[in-house]
Amino acid sequence: MTSAPVLIDAHHHLWDLDQRPQPWLDDPGLTSIRRTFTPDDLRSTATRPVAGRHLHGTVAVQCVPEVPETEDLLALAEREPLIEAVVGWADLTSPAIGDTLDRLIAGPGGTWLRSLRHLVQGETEPAWLQRPDVERGLAVARDRGLSYDVLVRSHQLDQAIRLAERFPDLPQVLNHAGKPDIAGRELATWREQVRRLAAHEHVVCKLSGLITEADHDSWTTSDIRPVWDELLTSFGPDRLMFGSDWPVANLAGGWNRWAATVDELLTGCAESEIHALLAGTATAFYRLPARD
């Protein structure tokens, strides 16, 4: 039986600059989002339905490589019904990674920790994900029932492919579709790599962060469609999930404009495909509450 028609935002951020600094926001191009963003801000912003579905639940994702931020998000999820899962951070290279994860899971809101993420996009080491200490940390996370959110740029997709090969029993989700160069219209190598990654059935993909890879001021649905079509072909709707990347998405039009774009791109999809992409895949991957 098809579940109730709800919409899950599988990728957004929150930060309180009075509680925890976000040094990456010092970039001059990020002035417009250099303020606190709360769940209430998201509620008041995310008003546009997608395929008739209104926002029902979310996955909050870490921003900075600090365990205290993950603790903040978990504590927030404990008291905030909108948040149904947290993607946190812990130092995968640390010999104490197991102790850190055990403490997070046992702490306030620890039951909401479903996945880890590291900003591999900022690592210059060409095989960071294949470092022995990183692989050890990933194995520790896997053994505690956690998944892994893969954040790489398009030129780093070979690392994601090798990760999929070496960890077939670790559920993985590619964030932001591997950041294709939509603005530069350089998609050939990205397409090839995405197809290789999608051949690994334990890897799924987030339809998120695409508008900020396009020209922030002039992008149209036509700019997004080649990437959307490739992802639908490579992964299929059962391995794709909607995400907003809010409030970063505000740099290129915001939550509602992205929602309207997804609504348009879903034209012609079957109801079962729409359900998978807007709720089903995220629910299964992040073990969100079942909806009958």
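If you read the sequence from its start, that first residue is 1, and numbering goes on from there. Everything quoted here is computed from the prediction, not taken from an experiment.
Salt-bridge check for Arg34 with Asp27: failed, with every basic side-chain N at 4.0 Å or more from each acidic carboxylate O. Ion pairing of Glu135 with Arg162 is absent here, as no side-chain N (NZ or NE/NH1/NH2) approaches a carboxylate O to less than 4.0 Å. For Asp40 and Arg43, the salt-bridge test passes: some basic side-chain N is under 4.0 Å from an acidic carboxylate O. Taking a cutoff of 4.0 Å between a charged side-chain nitrogen and a carboxylate oxygen, Glu230 and Arg195 qualify as a salt bridge.
Hydrophobic clustering of Ile, Leu, Val, Met, Phe, Trp and Tyr side chains at less than 4.5 Å, counting indirect connections, unites Val152 with Ile161. Side-chain heavy atoms closer than 4.5 Å link hydrophobic residues (I, L, V, M, F, W, Y) into clusters, and following such links, possibly through other members, connects Leu197 to Leu207. Using a 4.5 Å cut-off between side-chain heavy atoms of Ile, Leu, Val, Met, Phe, Trp and Tyr, with links allowed through other members, Ile105 and Tyr148 fall into the same hydrophobic cluster. Neither Leu55 nor Leu288 shares a network with the other; the hydrophobic side chains, linked directly or stepwise wherever heavy atoms of I, L, V, M, F, W or Y lie under 4.5 Å apart, form separate groups for each. A chain of hydrophobic side-chain contacts below 4.5 Å, direct or via other Ile, Leu, Val, Met, Phe, Trp or Tyr residues, connects Val262 to Leu174.
Side-chain contact check for Gln193 and Arg196: at least one donor-acceptor pair (N or O, by modelled atom type) lies under 3.5 Å. Side chains of Gln172 and His200: a donor-acceptor N/O pair is absent below 3.5 angstrom, by distance only. A side-chain N or O of Thr47 and one of Asn256 form a donor-acceptor pair less than 3.5 Å apart.
For the atom pair Leu163 CG and Leu157 CG, the distance stands at 11.5 Å (nearest 0.5 Å). Between atom CD1 of residue Ile224 and atom CG of residue Asp229 there is a gap of 11.5 Å, rounded to the nearest 0.5 Å. Taking CG from Leu119 and CG from Leu151, the interatomic distance works out to 5.0 Å, rounded to the nearest 0.5 Å. Note: Leu210 CG to Arg225 CZ = 13.0 Å, rounded to the nearest 0.5 Å. The CG atom of Asp238 sits 8.0 Å away from the CD atom of Glu273 when rounded to the nearest 0.5 Å. Atom CG of Leu129 is separated from atom NE2 of His118 by 8.0 Å, given to the nearest 0.5 angstrom.
Looking only at distances, a side-chain donor or acceptor of Asp223 sits under 3.5 Å from a matching main-chain atom of Thr220. Of the possible polar contacts, one joining the Glu69 side chain to the Cys63 backbone as a donor-acceptor pair under 3.5 Å is found. Looking at Ser115, its side chain does come within 3.5 Å of a backbone N or O of Ser147 through a donor-acceptor pair. Under the 3.5 Å distance criterion, the side-chain polar atoms of His202 are matched with a main-chain donor or acceptor of Phe167. With Glu125 contributing its side chain and Ala127 its backbone, the two residues share no donor-acceptor pair below 3.5 Å. No donor-acceptor pair closer than 3.5 Å links the side chain of Trp128 to the backbone N or O of Gly122. No donor-acceptor pair closer than 3.5 Å links the side chain of Arg166 to the backbone N or O of Gln130. Counting only distance, with no hydrogens or angles, the side chain of Arg53 and the backbone of Val6 share a donor-acceptor pair below 3.5 Å. Checking side-chain atoms of Trp112 against main-chain N and O of Ile83 turns up no donor-acceptor pair under 3.5 Å. Put simply, the side chain of Arg257 never gets that close to the backbone of Ala249: no donor and acceptor are under 3.5 Å apart.
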Check your understanding: Do Thr261 and Glu264 pass the side-chain contact (heavy atoms from CB on, under 4.5 Å) test, and can you show the C-alpha distance, the side-chain angles, and the key distance before you say yes or no?
Key -> CA-CA 5 Å; Thr261 301; Glu264 181 180 351; 5.5 Å; no
Review point. So His12 and Trp255, ring-ring contact (aromatic ring centres under 6.0 Å, His included) or not? Walk me through it.
Key: CA-CA 10 Å; His12 73 89; Trp255 201 99; 9.9 Å; no
**Study point:** side-chain contact (heavy atoms from CB on, under 4.5 Å) between Val173 and Thr281, worked out
**Key:** CA-CA 10 Å; Val173 57; Thr281 304; over 6 Å; no
Practice item. Kindly determine whether Thr38 and Asp16 satisfy side chain to side chain donor-acceptor pair (under 3.5 Å), including the steps that lead there. Key: CA-CA 7 Å; Thr38 70; Asp16 183 343; over 6 Å; no
Practice item. Dump the intermediate steps for side-chain contact (heavy atoms from CB on, under 4.5 Å) on Val64 and Trp24, then the final yes or no. Key: CA-CA 8 Å; Val64 294; Trp24 63 282; 3.9 Å; yes
Review point. What's the verdict on side-chain contact (heavy atoms from CB on, under 4.5 Å) for Trp89 and Leu116, showing C-alpha distance, side-chain angles and the deciding distance?
Key: CA-CA 5 Å; Trp89 182 89; Leu116 295 181; 6.0 Å; no
Review point. Does the pair Glu71 and Arg20 meet the rule for a salt bridge (charged side-chain N to carboxylate O under 4.0 Å, His left out), with working shown?
Key: CA-CA 11 Å; Glu71 293 172 327; Arg20 191 158 309 286; over 6 Å; no
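Side-chain contact between Thr58 and Trp246: absent, with no pair of heavy atoms (C-beta onward) separated by less than 4.5 Å. Residues His13 and Val61 meet the side-chain proximity criterion, which asks for heavy atoms closer than 4.5 Å. The shortest distance between side-chain heavy atoms of Asp72 and Leu76 does not fall below 4.5 Å. Counting only heavy atoms from C-beta outward, the side chains of Leu17 and Leu25 approach each other to under 4.5 Å. No side-chain heavy atom of Gln62 sits less than 4.5 Å from a side-chain heavy atom of Val86. Within the 4.5 Å cutoff, the side chain of Arg48 has heavy atoms near those of the Asp263 side chain. Residues Lys179 and Thr212 are not in side-chain contact: their nearest non-hydrogen atoms beyond the backbone lie 4.5 Å or more apart. Side-chain contact check for Thr221 versus Trp228: every heavy-atom pair is 4.5 Å or farther apart.
Between Pro39 and Leu14, the shortest heavy-atom contact is N-CD2, 3.7 Å. Residues Thr36 and Asp18 approach most closely at OG1-N, 4.3 Å, considering heavy atoms. The minimum heavy-atom distance linking Ile97 with Gly137 is given by the pair CG2-CA, 4.2 Å. Residues Leu146 and Pro171 come closest through the heavy atom pair O-CD, 4.4 Å. Nearest heavy-atom pair across Val120 and Gln156 is O-NE2, 3.0 Å. For the residue pair Ala276 and Pro237, the shortest heavy atom distance occurs at CB-O, 3.5 Å.
Trp258 and Phe242 have parallel rings, their planes meeting at less than 30° on a 0 to 90° scale where 60° marks the start of perpendicular.
Among the candidates Leu187, Thr189, Val194, the single residue satisfying the side chain to side chain contact (heavy atoms under 4.5 Å, CB included) test with Arg191 is Leu187. Screening His11, Arg114, Lys206 for a side chain to side chain donor-acceptor pair (under 3.5 Å) with Asp149, the sole residue that qualifies is Lys206.
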